[in-house]
Amino acid sequence: MEKRLFRQRLLLALSVCLVINLVNFFASYITLWGMYRDGFLTVVEFNENIITGDFHTTLNYGVVGLFVYLFYITYTVQNLSIEKIVRYRKRKKYLKKQCKYVIEATIPFVLLHEVVSVTFLFVWGNVDILIQHKWILGITFQIIAACTYYLMFYFIYGILAAKIGRNLSLVATALLGALEYYCSFSFLQNVWLPCNEIALMGKLCTGLYSESDCGFALLSLGVCMAVFSCFYFKINGREDILAHEKG
């Protein structure tokens, strides 16, 4: 019953996210497509802009995508009633179960974003040109980076939720993501922040990053996620399970 409810919520949430992604995608590229159609862009320029344009920027992944993800993930996985929660006699067991659901929901959320882009590329882009620019490897790095980044912020949300409640922590986590992005391009340009590594596909395909650079970026994101996950389990492990779920 629990798994069925999770799948129902997952499908509904992904359907809404599909609509959001489509609106976001066409809003990002309608002008680009018009310029290409009218001959103002070459096929190479058009394809380069597809993978480095608004739909694949740090702003889109780290702010817009993060906002959507936070509402998506809280709706999808935090739906267990008190009657179901009491089955998990140990807090750690319950947290591991939640994390399993979070991972299962995060992966399709990230894949959906990339599928929308890939579909557009196969219809209007030039796949051969993109493959020459390491597009397949780039999109692989991109998926892993986005999953890791969003999971990190779920753990941050979970830490805050244990202290200040769900609703307030949801807003606080979203604002934290926006603040991180703002700092990354304003007064902390020379300081490494996790959001600097979330848009890896464009960096690899344009030659800004090498494969080893992308690997190091993923390692850095993985370490950050691991650190916050440790705090998440440690802090939430101390809380009363029912009191936490009510909060």
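Note that the numbering runs from 1 along the sequence shown for the chain. The structure presented is a predicted model; accordingly, all values stated were derived computationally and were not measured.
Taking the six-membered ring where tryptophan is involved, the planes of F120 and Y29 are essentially parallel, since the angle between them stays under 30° and well short of 60°. The aromatic rings of Y181 and F185 lie tilted to each other, with the angle between the two planes from 30° to 60°. The aromatic rings of F233 and F155 sit tilted, their planes meeting at an angle between 30° and 60°. Note on ring orientation: taking the six-membered ring where Trp is involved, the planes of Y61 and H113 are tilted (angle from 30° to 60°).
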Intermediate values then yes/no, side chain to side chain donor-acceptor pair (under 3.5 Å), T57 and D54: CA-CA 5 Å; T57 59; D54 293 343; 5.3 Å; no
I would like to know whether Y75 and F71 meet ring pair (Phe, Tyr, Trp, His ring centres under 6.0 Å); could you show each step before the answer? CA-CA 6 Å; Y75 169 79; F71 286 98; over 10 Å; no
Verdict with reasoning, R4 to Q8, per side chain to side chain contact (heavy atoms under 4.5 Å, CB included): CA-CA 6 Å; R4 185 189 307 171; Q8 290 174 348; 3.8 Å; yes
Evaluation steps, side chain to side chain contact (heavy atoms under 4.5 Å, CB included), between E114 and H56: CA-CA 9 Å; E114 304 309 325; H56 294 290; 3.4 Å; yes
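A 4.5 Å side-chain heavy-atom check between F40 and F46 finds every atom pair outside the cut-off. Looking at Y149 and M225, their side chains never come closer than 4.5 Å, going by heavy atoms from C-beta outward. Looking at E180 and F153, their side chains come closer than 4.5 Å, going by heavy atoms from C-beta outward.
Distance check, rounded to the nearest 0.5 Å: CG of L193 to CG of L188 gives 6.0 Å.
Inspection of the Y69 and T106 side chains reveals an N or O donor paired with an N or O acceptor under 3.5 Å.
A donor-acceptor contact shorter than 3.5 Å is absent between the side chain of E211 and the backbone of G138.
Across all their heavy atoms, C195 and T58 have their closest contact at O-CG2, 3.3 Å. The two residues L208 and D213 have their closest heavy-atom pair at O-OD2, 4.5 Å.
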